[in-house]
*Asks:* 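Okay, handing you the structure first.
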Amino acid sequence: MRIITTGLCEKFTKTKHLCLNRLHTCVNHYNMSRTAGILIIGDEILKGQTQDTNSVYLSQSLHKLGVNVRKISVIGDNVDEIAVEVRKFSSDYDMVLTSGGIGPTHDDVTLEGVARACDVTIHPHPTLVELCEKYFGVKDLNSPQLKLAHVPETSQLHFGVDPVKKEKLKFPLIAVNNIYVFPGIPVLLQRLFTSLQHLFKTEDKFSTKEILVNCLETEIAEVLQNCVDEFKHAGLNIGSYPDWSNNYYKVRIVLESLNHEVVDAATQYLHMRLPSDRILLNYVLDPVSLNGGDINATNFQSMLWHKVKSSLEVLEETLRKYEPHEICVGFNGGKDCTALLHLYHAALCRAGIEINPTNFKALYIKDKYPFEEVEQFMESSVIRYKFHLTTMTGDMKQALEALKRDHPSIKAVVMGTRCSDPHSMDLSSFTMTDSDWPRFMRVNPLLHWTYHDVWKFMRKLYLPYCVLYDKGYTSLGSRDKTERNKKLLTTNIHGSSMYLPAYTLQDGDLERNGRL
Ligand SMILES: Cc1cc2nc3c(=O)[nH]c(=O)nc-3n(C[C@H](O)[C@H](O)[C@H](O)COP(=O)(O)OP(=O)(O)OC[C@H]3O[C@@H](n4cnc5c(N)ncnc54)[C@H](O)[C@@H]3O)c2cc1C
Ligand SMILES: NC(=O)C1=CN([C@@H]2O[C@H](COP(=O)(O)OP(=O)(O)OC[C@H]3O[C@@H](n4cnc5c(N)ncnc54)[C@H](O)[C@@H]3O)[C@@H](O)[C@H]2O)C=CC1
Ligand SMILES: [Co+2]
Ligand SMILES: [K+]
Ligand SMILES: [Mg+2]
């Protein structure tokens, strides 16, 4: 399987070295790809007042262009520090991209720092002076408007072209030697970068593969080390990134090389050595974007498919009886309504209803002592599914009364209630609230689902759910009245006790064991 032969490198003849790979992508080449350093400048970033998004944008974009980003540094609006860092970056990397500090105020000193780093002075650039005079209608060279025209003497101006509108941009990117000076305002930075990609583009392209494993890092470290050793002359980069919030995998392994054959070979190497039952093969990163295409007979065993189909029929009937804005999903972050939310989203998509916060609504009656993890999950669900969440407080009856008063258009609440829930034996798919409750149509599409149906449905589709269910909770209520399910308590190989995930509970009748 080794694809490595030794010989004098034919690709990079300038730097004579022994190439260990006839495909000319040896480790030297990986390190020889074009490098970049990113310099994020701004006091507001160091104080945590502005979250730096420019470095993420730039490093992602450069990586796509085959550039090897080697360092990101964050510094304040200080001329000396900027000069020192720019000088170092400029000699260490093929290119330097700076962000921020080129505005008209006293605290924007990046260009002065760059000038100092390059031992040149600042002067008013004729093209920029003309531009600024025209744009601002001001002629005074000492005005704040014309400060923008003062750049290091050796500056080059790169005028980008908007890739969509095909228009020349009004303001250029300023470059001094290998230093590219971007504004900090994210839209400006992005507009300049996309319009001038050719300045950064390389002939290289990183080939990347991912392996998702449901193991602890300690369990796979040795195999990864062996892989690193095996491919150490092939120009392979392997990263291992644990994710504690994912419901399906614990580690994401990323393999990368300039040569896709090296990536393929290393992927194969790992597939043969990692525990095969722990490798996720068909993981769906974004089940929501499938727009309900995943709800079909091939995905489920026939018994469950039968139930899924009749639940969908209930939801379709709901959408015939009510306008989308008259319906909301009762959503408290629990597993049943998480499955339901996905089904309802699918029903909306199938009915050709546009997904937006007017058409897709949910109701959350906030408990006095909610779990933080539950609320975090709810927040991420709002972003994932793009629904509008109405939050009410107080006891359930009071909250529903307030809903009636404040949101009079809502007529039906779709709920994840199952027959096995307390007092739910006699409910049907459409049941009005009891006479002593505020009047709403309760829609119950999941009445005939079992505990295991819910888990099979969610896990088959890789739907994200609240992490507490992976930590031994099988039913979630108020934080002060909910414990883990003792039935899931077990001992790991090192002899310490731990809880298994909720979906492994054998007897579904015991799901409420942790509810006090
Ligand atoms: C809209 C609505 C109408 C109700 N009408 C009646 C009634 O007429 N008579 C009666 O006796 N009881 C009624 N209840 C109370 C209900 O029967 C349960 O007692 C309550 O849902 C808690 O049940 P559970 O602990 O089994 O929770 P769950 O199994 O979590 O509740 C079942 C479903 O109810 C919804 N739900 C539960 N809690 C919340 C919440 N905090 N915020 C939003 N949605 C939630 C979810 O869709 C969930 O899947 C109503 C509740 C709601 C939300
Ligand atoms: N029209 C144009 O093309 C140009 C305009 N200008 C002017 O200069 C000023 C802006 O210059 P800047 O260098 O951007 O000033 P700046 O350094 O003060 O940054 C401006 C804002 O960008 C945000 N920002 C900065 N760094 C960031 C980061 N790493 N991640 C996310 N957000 C970040 C911050 O919210 C900050 O308030 C404006 O007044 C603008 O009008 C400057 C250059 C070009
Ligand atoms: Co070589
Ligand atoms: K500023
Ligand atoms: Mg600034």
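Just follow the structure's listing: the first ligand is 1, and inside any ligand the first atom is 1. In this text, all values refer to a predicted model and were calculated from it rather than measured experimentally.
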*Asks:* For ligand 1, is there an atom lying under 4.0 Å from some heavy atom of His423?
*Replies:* no
*Asks:* With side chains defined as the heavy atoms from C-beta onward, is the minimum distance between Phe371 and Leu476 less than 4.5 Å?
*Replies:* yes
*Asks:* Ignoring hydrogens, just give me the one of Asp108, Ile38, Ile40 whose non-hydrogen atom is nearest atom 16 (P) of ligand 2.
*Replies:* Asp108
*Asks:* Tell me whether ligand 1 is touched by Phe331 - counting only heavy atoms on the residue side and a distance under 4.0 Å.
*Replies:* yes
*Asks:* Relative to ligand 2, is Pro186 under 4.0 angstrom through side chain, backbone, both or neither, heavy atoms considered?
*Replies:* side chain
*Asks:* Any side-chain heavy-atom pair from Lys71 and Leu39 closer than 4.5 angstrom?
*Replies:* no
*Asks:* Give me the ring orientation class for Phe200 and Phe193: parallel if the planes are under 30° apart, tilted from 30 to 60°, perpendicular past 60°.
*Replies:* parallel
*Asks:* Closest heavy-atom contact between Thr393 and Ala399?
*Replies:* O-CB, 3.7 Å
*Asks:* Is Asn54 touching ligand 2 with its side chain, its backbone, both, or neither, if touching means heavy atoms under 4.0 Å apart?
*Replies:* both
*Asks:* Does ligand 1 have an atom that lies less than 4.0 angstrom from a heavy atom of Met378?
*Replies:* no
*Asks:* Indicate the ring-plane relationship of His345 and Phe360, choosing parallel, tilted or perpendicular according to the 30° and 60° boundaries.
*Replies:* tilted
*Asks:* Give the contacting part of Ile45 toward ligand 2: side chain, backbone, both or neither, where contact means a heavy-atom distance below 4.0 Å.
*Replies:* side chain
*Asks:* Does the plane of the ring in Tyr451 sit parallel, tilted or perpendicular to the ring in Trp455? Use 30° and 60° as the thresholds.
*Replies:* perpendicular
*Asks:* Please confirm whether Arg515 approaches ligand 1 to less than 4.0 Å, judged on its heavy atoms.
*Replies:* yes
